2 protein chains.
Amino acid sequence: MEKKFVSAKDVAKLANVSQSTVSRVFTPGASVSEKVRRKVLEVAEELNYRPNALARGLINKKTNIVGLAMKDIQNPFYHEVLGMFSMKLREKGYNVLFVYTKNEEIQQEEINHFLEYNVEGIIITDALLSSNVVAKIHDNNIPITLFNRYHKDIPCNSVSSDNINASKEIASYFYEQGYRDIVYITGKINTSTNKDRQKGFIEYLKEKKIEVTILEGNYTYEKSYYLTKKMIENGHRPEAIFGANDITAIGALDALREKNISVPEETAVIGFDNIKMASWPSYMLSTWVQPIEKMVDEAIHLLLNNDRVNSPKAVKLKGKFIHRNTTK
Amino acid sequence: MEKKFVSAKDVAKLANVSQSTVSRVFTPGASVSEKVRRKVLEVAEELNYRPNALARGLINKKTNIVGLAMKDIQNPFYHEVLGMFSMKLREKGYNVLFVYTKNEEIQQEEINHFLEYNVEGIIITDALLSSNVVAKIHDNNIPITLFNRYHKDIPCNSVSSDNINASKEIASYFYEQGYRDIVYITGKINTSTNKDRQKGFIEYLKEKKIEVTILEGNYTYEKSYYLTKKMIENGHRPEAIFGANDITAIGALDALREKNISVPEETAVIGFDNIKMASWPSYMLSTWVQPIEKMVDEAIHLLLNNDRVNSPKAVKLKGKFIHRNTTK
DNA sequence: CTGAAAGCGCTTACAG
DNA sequence: CTGAAAGCGCTTACAG
């Protein structure tokens, strides 16, 4: 099936100007007389002409495309993040080339297309890249920003919450409440988010001579639910539980509920992320608010403005605790 | 900042062949001697060369890009759908240009970029287009497929569940159980999904002389939760509730739980979608399974193979009921 | 099988 | 302010 595109040449002919002039009309800042501009715009409208972004990208080496790779996960947090990126990038005139991946570490072939389309930057959310993949991308002079992840051996920009201090504050809150039997349900143990949350939490309490019980989860509801249930069945009813993210905390909450343990009276629960579900009336989960909007803004800013490849920056933003019904 | 791309010319020089030959090596089916092919591939690898997709798209009028627009909604169902589309399209060599939208009816400007990048097709999920926007897109000979929505006045392909028959089956199930006091909590009332689910459900029961109580929701948890709670506080404790989607059913479920109404003994609940949450141990929601994978396959097939603009098809696929703990 | 050349739809010096 | 021309990185008839 033959496609027929309306090109600048067609518009030029009908408007009695050169093709260059048509191009200028659609190039912000180029000088065209007001009269000619109006005429061209009129004809363009009539013909339903729109400059071909591919041709433009070819010339300008400016495609206005950003690649975004996101890991398959049940956490709605990333859904909100994706929406935010799409809206914010659009406001700035960028388009999102999207890839869903199943791997914790993004594979070269999954983002080869990003390179072929000459994206102007790559955002990786909830996943990592091996450093030689990073090197290849940087060879092409394409900046990368990791969102909500970082890794000391991977030389690219990153934006995340200040997880260590956040979890210290949570630990401190529990401590002030007088809790001494405290549980941390981990996320995926090899992720930077989990490592930092765990670290801050445990370290703070260690200083207070409190040893935290660690339950190894994986950021899913199911795992957390079963871990909590089993713990209770084994006779352990902690005074407080910190879940590595909201989904984890909610899994614990449901297990407690099923075992008729009253929250927050017998056991207090705190999550992390502040996903929409956390404020559902049946949960009203106390949690740590990640400043999504700021994080996204910062990620985009870094990606588009930071002196690309050479001096990666790791930005950490502060969130805040929000008290709902699962803490006293 | 100057970007330096490796082009076919660079490879050609180093491999001692013409640029045309390099191109042929990367064009499936073009004839190149095995010896030359190996040589070129070797040099390409060394230089980290990759054909420029923009230039290719410009020549071929084949960009391998599909535009996907999705409405901002809290329903995780669409998250799963998005992932499925991304994976399936990638398998077929297509890339996804993604746009998040807040509007029930997609605006022209939100998808202008799709046109500028010459996408080969557009998928609209959980939203609609006005028919004159459709006309403009079809003028460019770009096919559209609506996913999980359709509208008789909008001449484009669509893929959805057979919602009418699905909800008839659900109605029939309730009827067979002997329930006579039955509630339907609607989704957004102007969506085709809701209209059909409501229609099938009510019609079936009307034939049996049963009048269904309609609660007007909007596909959100919160709305459904409050509606159900209020209903109970008003003294109405139905025998069965059908929620227009899982989120809706879960909202109702939580309200029932809070009011200490036992499910399914006093009130049975059925949802629609079979999102991951429906199988969480605390819900174990009985629901209607939408055959996501088949729906996505079919949507892609229609988009890429159906005789474009002229004869739009509306495909409806059958799902199945899955019995969990919220029905007897 | 392979190379030279035209052309896809643009942008942008260069003249005028 | 405007046009003719070169060129972005490719593909693909056309010859050989």
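Everything numeric here is computed off the predicted structure, so don't read it as measured data.
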Once you round it to whole Å, what is the distance between [atom2] of [N] and [atom1] of [X]?
X: B:Leu54; N: D:dC10; atom1: CG; atom2: C1'; value: 11 Å
X: A:Asn52; N: C:dC10; atom1: CG; atom2: P; value: 5 Å
X: A:Lys61; N: D:dG7; atom1: NZ; atom2: C1'; value: 10 Å
X: A:Asn60; N: D:dA6; atom1: CG; atom2: P; value: 20 Å
X: A:Gln19; N: C:dC8; atom1: CD; atom2: C1'; value: 12 Å
X: A:Phe26; N: C:dC10; atom1: CZ; atom2: P; value: 9 Å
X: A:Lys62; N: C:dT11; atom1: NZ; atom2: P; value: 13 Å
X: B:Asn16; N: C:dT2; atom1: CG; atom2: P; value: 13 Å

Q: Tell which nucleotide pairs with C:dA4, taking only Watson-Crick or G-U wobble pairs whose two distances are both under 3.5 angstrom.
A: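 In the structure as shown, C:dA4 has no Watson-Crick or wobble partner.
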
**Q.** Minimum-distance nucleotide to B:Ser20 side chain [options: D:dG3, D:dC10, C:dG3]
**A.**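 Out of D:dG3, D:dC10, C:dG3, the nucleotide with an atom closest to B:Ser20's side chain is C:dG3.
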
Q. Considering only D:dC10, D:dT12, C:dT11, which nucleotide approaches the side chain of B:Thr27 most closely?
A.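 Among D:dC10, D:dT12, C:dT11, the one nearest the side chain of B:Thr27 is D:dT12.
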
Give a yes/no on whether any side-chain N or O of [X] is located under 4.0 angstrom from OP1 or OP2 of [N].
X: B:Lys35; N: C:dC1; result: no
X: A:Ser31; N: D:dC1; result: yes
X: A:Arg56; N: C:dT11; result: yes
X: B:Tyr117; N: C:dG9; result: no
X: A:Thr21; N: D:dG3; result: yes
X: B:Ser33; N: C:dC1; result: no

Q. Just wondering, do B:Asn75 and B:Asp126 contact through their side chains at under 4.5 Å, heavy atoms?
A.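 Not in contact.
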
Establish, from distance only, whether the side-chain atoms of [X] and [Y] form a donor-acceptor pair under 3.5 Å.
X: B:Tyr117; Y: A:Thr63; value: no
X: A:Tyr150; Y: A:Asn157; value: no
X: B:Glu110; Y: B:Asn103; value: yes

Q: Report the residue (B:Ala55 or B:Val32) whose heavy-atom-nearest nucleotide on DNA chain C is the more 5′ of the two.
A: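 Counting from the 5' end, the first nearest nucleotide belongs to B:Val32.
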
Q: Have a look at A:Arg37 and say if it touches a base, only the backbone sugar-phosphate, or nothing, with a 4.0 Å heavy-atom cut-off.
A: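 Contact class for A:Arg37: none.
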
Q: Look at the side chain of B:Arg24 and the base of C:dG3, then say whether one donor and one acceptor between them are separated by less than 3.5 Å.
A: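 Yes, the side chain and the base share a sub-3.5 Å donor-acceptor pair.
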
Q: State plainly whether the residues B:Glu116 and A:Arg56 are in salt-bridge range, i.e. N to O under 4.0 Å.
A: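 Salt bridge flag = no for A:Arg56 with B:Glu116.
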
